[in-house]
Structure formats: structure tokens, C-alpha cells
4 protein chains.
Amino acid sequence: MASRQEMRSEETKKAILTAAAELFSQKGFDAVSIREIAKEAGCSHTTLYIYFKDKEALLHELSVGPLQALQKQMENVIADSTLSQDDRLKKVSVLFIEFCLSHRTMYTLFFMVKASRIDVEAEPAEELQILRTKLFDLMKSALLQSLPEEKNEARALAFARIYFYALHGIIGTYTHSEETSEQLMERLAPTFELSVEVVLEGCKQQMEKGAGRK
Amino acid sequence: MASRQEMRSEETKKAILTAAAELFSQKGFDAVSIREIAKEAGCSHTTLYIYFKDKEALLHELSVGPLQALQKQMENVIADSTLSQDDRLKKVSVLFIEFCLSHRTMYTLFFMVKASRIDVEAEPAEELQILRTKLFDLMKSALLQSLPEEKNEARALAFARIYFYALHGIIGTYTHSEETSEQLMERLAPTFELSVEVVLEGCKQQMEKGAGRK
Amino acid sequence: MASRQEMRSEETKKAILTAAAELFSQKGFDAVSIREIAKEAGCSHTTLYIYFKDKEALLHELSVGPLQALQKQMENVIADSTLSQDDRLKKVSVLFIEFCLSHRTMYTLFFMVKASRIDVEAEPAEELQILRTKLFDLMKSALLQSLPEEKNEARALAFARIYFYALHGIIGTYTHSEETSEQLMERLAPTFELSVEVVLEGCKQQMEKGAGRK
Amino acid sequence: MASRQEMRSEETKKAILTAAAELFSQKGFDAVSIREIAKEAGCSHTTLYIYFKDKEALLHELSVGPLQALQKQMENVIADSTLSQDDRLKKVSVLFIEFCLSHRTMYTLFFMVKASRIDVEAEPAEELQILRTKLFDLMKSALLQSLPEEKNEARALAFARIYFYALHGIIGTYTHSEETSEQLMERLAPTFELSVEVVLEGCKQQMEKGAGRK
DNA sequence: TATGAATGAGCTTTCATTCAT
DNA sequence: AATGAATGAAAGCTCATTCAT
């Protein structure tokens, strides 16, 4: 029932979002200019401001929806009792990795949170921050459920960190790759899974040692 | 024997390098302007162009020396027969991490190598690329020496990758931190070591499994 | 009899004029954007261009009506034989001042006539110019009627100028005030009247002196 | 002893100041763009930022020096015991008028002080504000010294206001004129003096009346 | 009549870089 | 060797205005 005009509008918006997503992924948020996005989207740079308040809003719109979808997926996996704890962790991790490689702006969003952002205008980014935290919490609890109970909280934190280092490293390594996320996943998905297994196994091993020492 | 003029010239160059190193570490490569460096170095911004083709050249010159020193250190560790293989790997890894956190531009240099660079003007970057490769090879061989022999080359590569993911993750996580490298190392050195141990232990475990399966 | 469509059209136009008048008074001509007016008027900004060629045209249309009303009022005062000449001048002046403070764009219109305007498109502004001149002439003749006859035309002109300086000064002083015209008039009407009296009395005094000297 | 380079620099700066002064006068501070000034000054718009931090700094530099000179002159006149009180007032007033017509940006500076300025960034403008107040105070006290003592403070204030209306009116009337200040002063100086006399005489007259009434 | 879509020109400001000295 | 002067390109963003519907 959409009029032709509405369709055109929708198309333009989508073109902008697509262009922005592409460019943000390739060059990073800061390195991409509004005019660049507009050119890629085939419209004037002012048109961009019709659809998005500013560059940040564009990033926001680009992120929130997909992130919420990801959150849902991850929650489903974690609630899936047909899977072993370890498989849940593996699946959740791969989901997260794949997501970040498909939406490469996410790398900045997840791993490059600067203090400067928080200072002044937390408002527009806040929703994102909350989502970010939620996802990290999901993964952390999945990890801890896969490990034997660790009483020493500092040590539990250390293991969580090590797990996140691995994720960060995987995503960071391929964020600027020229391969598509599909190509990367096809080529490397086993390595990613192996990576999670390695870290998980290594943690367990260390915990045994630690326990034995005590 | 250097004439007075040559000495003064050398001093200026050193001042520029010092200022640039300081500022790059503090604020990151992109966030520092040429004029800022010049002001800090106590000379005009045009002087900078006498010694360095551009900002990038400055970064390169800034990197080569320290990297060579790092290389030496790493080679020494690897050649140190008083240490176990595992300890050599751990030490080499921590050296590398510490180095990258002290010279934060290194993160970009090591992990953000873009294709675009290579196309056009490979020449100045070449030396760096060689160094980079050397260091990675050093670490890779240290890792493989710590692992039982792996005939399957693809699998060996996978383990190397996983190890590098961890390094990348650690450095990437703290490259933009506001803490100094000293603060970070004091606070997190045990976690970094644990991280290497975890990965190493995990790899070993996986190799056993893999072997058993066969 | 107006059709329903015509009525609606008339309403829209009125809404735009009202909004523009309000905003121009509040923030000044330049500080108000077309979109702002449209939003206030409850229509699209493009609609504005249906009724008015541009922002300037809007200002003109906004001015002519009120100015004609003012002219009527001033003519009535001048023709009012129940008042003394001096009182007519005072009343006419205060009317003018109050009008300008209620319609603050008038300040620009009356006192900021630029040469550039006349060059290009005298047509739409012409009507305003005629009105402007009429009003000034009305006040000038009211002044001269209050003064003893002055044979020296240059001197008569000087007194007229001095009188207009006072008006210009009063209006200019408060055109950008944040007080409403009502507040200003309540607070300062006596000062405005006194101002006219002072100038009038001063002129008379000077004419005596001048006469004596001759 | 200035090198050729220094001279060129000085010339450029002067050209910018001249252009800015001219344009600010013609169109007002806000309506003039940096690029416009640069074009008029015959240099790139970026050159402007070499000499002045921003547009406001340009206005500042344009104003403070001349204003301080004016202040000196006015103080000298007021301290000059060879002149009658009335002559001091007249002279001070004409000085002020002539100054404003020579530096037409001053009109905005003196008479268009907006609330917005004061809010946020009073700092750069502060020095100007202080000077402004000083000059007004100088003129006000000169006026009150010329008038018989007025016990009623409100009435004294009213007279001061009326006097300032006249000044404002005179300056406002010719601020946008195309005549130079020299031309204007030659043509109208007698009228300006007469204007001060008229207001002064008128005030005295009114005070007599007021006194008689009491 | 009325409007959403779209644009070009313009704003202030910063930057890396070059030129003449 | 070293520098101040100067610039073009680019950034994010806003505005009045036009076009197609």
C-alpha cells in the first residue's frame, strides 16, 4: 500500500544505511565522512540529514536492530537444554563472531569504547551501551557455566578476560579483511570453534592445577 | 666527527622523534597533528618536513629502532637454554605485549596492516613489514616448540592463529586504555601470563584429543 | 462566497503569517528559518513557498497591513483638533514607537533600508517604501507644526533629523530587548513621552537663541 | 628593521582587519562569513586563522585598541578645565559619535548587546563589555554634570536615557550609510552638536518645569 | 492545495602540505 | 638548516529553495 514516493524514500534510506554499513566496516566510523557515505549511496550529503540526525544517529540505527536480534539468538542458544554447556558456549561465541564479522562497525562499537563517549552525551549511545553489556554478560555467564565452579572471584574474572581476549583477537584480526563474513566463516569457522575449545579446555586445565596446588 | 651543525640537526630530529613518540602513545596516531608534534619538539612544523616525508614516515622511523631492540630481546629469550620451552614462549609473549602497550602505535602497525598501503608505496614500509614478519615468526616457532610435533600443517597453523588471536585481543583491549603500560602490566601481567598458559595448555589438550581420535 | 477550499487556504496563509509574525518578533528576521515558521504554522515548509515568494516577501506581506492601520491612526491624531499641536506630536510619536516595538521587524524596515534592495527588485518593496515615507512625512509635519515657523530650511531639516534620531534611538534600543512591547510601554512610556518633550522643548529653545542671534 | 616577510605578514593582517571592519559595518557581525572577509582581504580563508583564533577574536582585535584610545580621549576632554561643562559634554558626545561612525562595527558592539553573549562565553567579550560600560558611564556623568542637580534618581535616569537615545539614533542612522565617516562628519557635525544641545537644553527646561511643579 | 524528497551553496574550522626566504 | 606565510581539501552540519507527486 506504500505510495511510490514512500518506496523511493525507503529505498534511499536503505541505500544510505547500506553504504554506511559498508564504509564503516571498511574504514572505521571516524574515517568515513558523511559526503563519502552519500556518494556511495548515490544521493546528496544533505539528504542524509533528512533521514538521520547526525553521523552518530546513523551508527545507532545501523546497530540497535541487529544487536537486538543477536541478543535474541544468543538467549535462545543459552536456554537450549538440548545442548551441552560447552556447546552452548561454543555456539554463542560463534554467533557473536559471525555477527561482528557481518557488521564490522560492531568491532568499534564493542571493543573501542572510549571514555570520551561517556563524558558528555551518553544519551544517544546509552542504549547501545546497555546492549553491549548485556551481550558480554550473556557470554560471560555461558563461559562460567562451562567451567567448574570457581570460588576465587579474581580468578574467575581472569578466565573471563582471557576468553574475551580471544574473541576480541578473532574479530579484530578479520575486521579489516577484504573477505566477506561468509568467506571468512567458511574458511575459518572451525578455527574459531577450536579457539573457543582451546580456551575452555585450557581454563579447565588451569583450574585443576590451581585446585591441586591449594 | 660531526660538525656543530650536524649535531644541532641531529638534536632537532631527536626532539621531533621524542615528541612524536610521546604524543602518538598518548593520543594515538590519527589524533596527533603535525603542528602539535612540532610545538612539542620546539620547532616549526615545516622543519618536520625536512626530516620526514610525512607523518607516516615519522611513524616508521619511530618504530624501526625499538622494534629491532625488541627483536634482539626476543631472540635472546628464545636462545636462553636455562628456560623451559614453555617459559620461553611465555616470556617472549609478555615481552611482545609489554612492548605493544608501551608503543601503542604498534597496535596499528602490527594488526591493522591494510592492503591499500602495499599497493602504492611499499618501499618505506617494507623494512617494517620484514621486522613484523620476523617477530611473528619468532613467536610462532616458540609456540610450536612448546607443542608436541604436529604433522598436520593446517592444524599447526590453526594453533598458531589461536595463539595470535589471544595476543591481538590482549593488546587491542588495552591499546586505547588510559592507563600507562606500567600500570597495565602491574595490574594484569599475571592475567597475560595465564592467558598464554591457558592457550598453550588448551592446545596441548586438543592435540591429544585429535591424536586419540585418529 | 468563499468555497471551503478557499477558506482552508486562507487559514493556512493566516497561520503562516501569525507564526512568522510571532517568530520574527521573538528572534529577529535573520534568526528565524523557513522550516521553523512552517513547523509553528503546522504545515510543510514547501507550503510556505506557495503563498510567499521567499522569506522577504513574507516579511513584506506581514508589514503592509499593520502599517496601513498605523497610518490611519496617525492621520486621525493629526487631524484631531481637540488636541494641542504638541500633544498631537507626542501622541503620534508614541503611536509610532509602540507600533515598532510591537512589530520589531519594523525596525529593520524603517531604519535599515539598504541601497542593495533598491537596485534589483524594487517592485515588491515599493509599496513599503511609499508607506514608510508617508509615515515619516506625517511625523515631520507634526513636528514642524509644533515649532515656530522656521524660514531657514536647512535648520528645519536639522530639527527634523534630531527628532528622528530620538525615535530611531528609542526603537533601536529596545528592538532586541526580551521584554514584550506591553512591558516596555508600561515601564517606559513616560520616558518616551518625556523624550519627545525634551526634544521639542530643546528645539524651541534653540530656535529662540538662533533667532536672537540673527 | 622589519624583514620583507614580516612586512608582508603585517600587510596581510591589516588587509584582513580592514576587510573585516568594512564588512562588519556593512552587514553586521553575524551576516559576514569568514570566507567573505578573506576574499575581500585578498587571501585564503585559512590564512585568517593564522592571525586570528576565530571570528570573535577578529572582532575583539578590531575593537579593543581603538576603544581604549577613545576612552583616553574622552577622559582628557572631561578633565579639561578650560572647557565649560556643556562643551565637555558636547565634545565627548561628538568624539563618541565620530568614533562609532569610523568604526562601524562599534554600533553592534555598543547597542546590540544580546543576552546570548553574556550567557555562555563571556570571557572573550568581557574586556569589551567593561570598556563599553566605562564609556557609557563617562558620558552619563558628563551629562549629569551639565544638568542642575536632580534629586529624583528616576528622573535623572530618564534624562540619561533620553540622551543615549539621541546618540543611538544618530549612530544607528548612519551606520549603514555609504558615506565615509569623514564625509558624514563634515556634512552633519553641526547637526550632531545641535542635537546634543537640543537634548541638553530640553532637559534643563523640563527640570525647571518639574521643579516648578513640585 | 499541499507535501515529502532532494539538493547546492554555504557556514566555521582543522589539517597536512608547499613556497619563498 | 630552518621558518613563517599561505593554501586547498576536507570535515560535519544548516539553510533556503525546487521538483515530482
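Hydrogens, waters and symmetry mates are skipped; everything else that's a heavy atom, side chains included, is used. Proteins get letters first, then strands, A, B, ... in listed order; numbering begins at 1 in each.
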Worksheet item: Could you state the CD-C1' distance from A:Glu11 to E:dA6, rounded to the nearest angstrom?
Response: 14 Å
Discussion item. Expressed as a whole number of angstroms, how long is the span from D:Ile50:CD1 to E:dT18:C1'?
Written reply: 12 Å
Discussion item. Is it the case that E:dG4 (base atoms only) and A:Ser9 (side chain only) share a donor and an acceptor within less than 3.5 Å, ignoring hydrogens and angles?
Written reply: no
Item to complete: Answer yes or no: side-chain N or O of D:His45 and base N or O of E:dT13 forming a donor-acceptor pair under 3.5 Å.
Response: yes
Worksheet item: Can you tell me how far P of E:dG8 sits from OH of A:Tyr49, to the nearest Å?
Response: 16 Å
Worksheet entry | Rounded distance in Å - CZ (A:Phe52) to P (F:dT14) | 15 Å
Worksheet item: Between D:Thr46 and D:Glu10, who's closer to the 5' end of DNA chain F by nearest nucleotide?
Response: D:Glu10
Worksheet item: Rounded to whole angstrom units, what separation is found between the CD atom of A:Gln5 and the P atom of F:dA20?
Response: 12 Å
Discussion item. Looking at A:Tyr51, I'd like to know whether one of its side-chain N or O atoms comes within less than 4.0 Å of OP1 or OP2 on E:dA6.
Written reply: yes
Worksheet item: In whole angstrom, what separates B:Leu48's CG from E:dT18's C1'?
Response: 14 Å
Discussion item. Any side-chain to backbone donor/acceptor pair from A:Arg35 onto A:His45? Under 3.5 Å, distance only.
Written reply: no
Worksheet item: Whole Å only: how far is the CZ atom of A:Arg8 from the C1' atom of E:dA5?
Response: 6 Å
Discussion item. Using modelled atom types and a 3.5 Å cut-off, is there a donor and acceptor pairing between side-chain atoms of B:Tyr51 and backbone atoms of B:Lys14?
Written reply: no
Worksheet item: With sequence neighbours left out, what residues match A:Arg8 under side-chain hydrogen bond (donor to acceptor under 3.5 Å, both in side chains)?
Response: none
Discussion item. Using a heavy-atom cut-off of 4.0 Å across all strands, would you classify D:Ser33 as base, sugar-phosphate, or nothing?
Written reply: sugar-phosphate
Discussion item. So, does C:Thr47 get its side chain near the phosphate of E:dT3, meaning an N or O under 4.0 Å from OP1 or OP2?
Written reply: yes
Worksheet item: To the nearest Å, how far apart are C:Glu56 CD and F:dT17 C1'?
Response: 15 Å
Worksheet item: At under 4.0 Å, does any side-chain N or O of C:Thr12 touch on OP1 or OP2 of E:dA2?
Response: yes
Worksheet, complete the sentence: One should read off an interatomic distance between D:Ile16 CD1 and D:Ile34 CD1, to the nearest 0.5 angstrom, of 9.0 Å
Worksheet item: Using a heavy-atom distance cut-off of less than 4.0 Å, which residues of residues 34-43 of chain B contact DNA chain F?
Response: B:Arg35, B:Cys43
Worksheet item: Where is the tightest heavy-atom contact between C:Ser44 and C:Thr46, given as atom of each residue plus distance?
Response: OG-OG1, 2.7 Å
Response to the item:
Shortest non-hydrogen pair, B:Val32 vs B:Lys27, comes out as CG2-CB, 3.9 Å
Fill in: Short side-chain N/O contact from D:Ser44 to OP1 or OP2 of F:dA6, under 4.0 Å
no
Discussion item. Wobble G-U and Watson-Crick pairs count when both distances are under 3.5 Å; given that, what is the 5' to 3' dot-bracket string of DNA chain E, with | for pairing to other strands?
Written reply: .||||||||||||||||||||
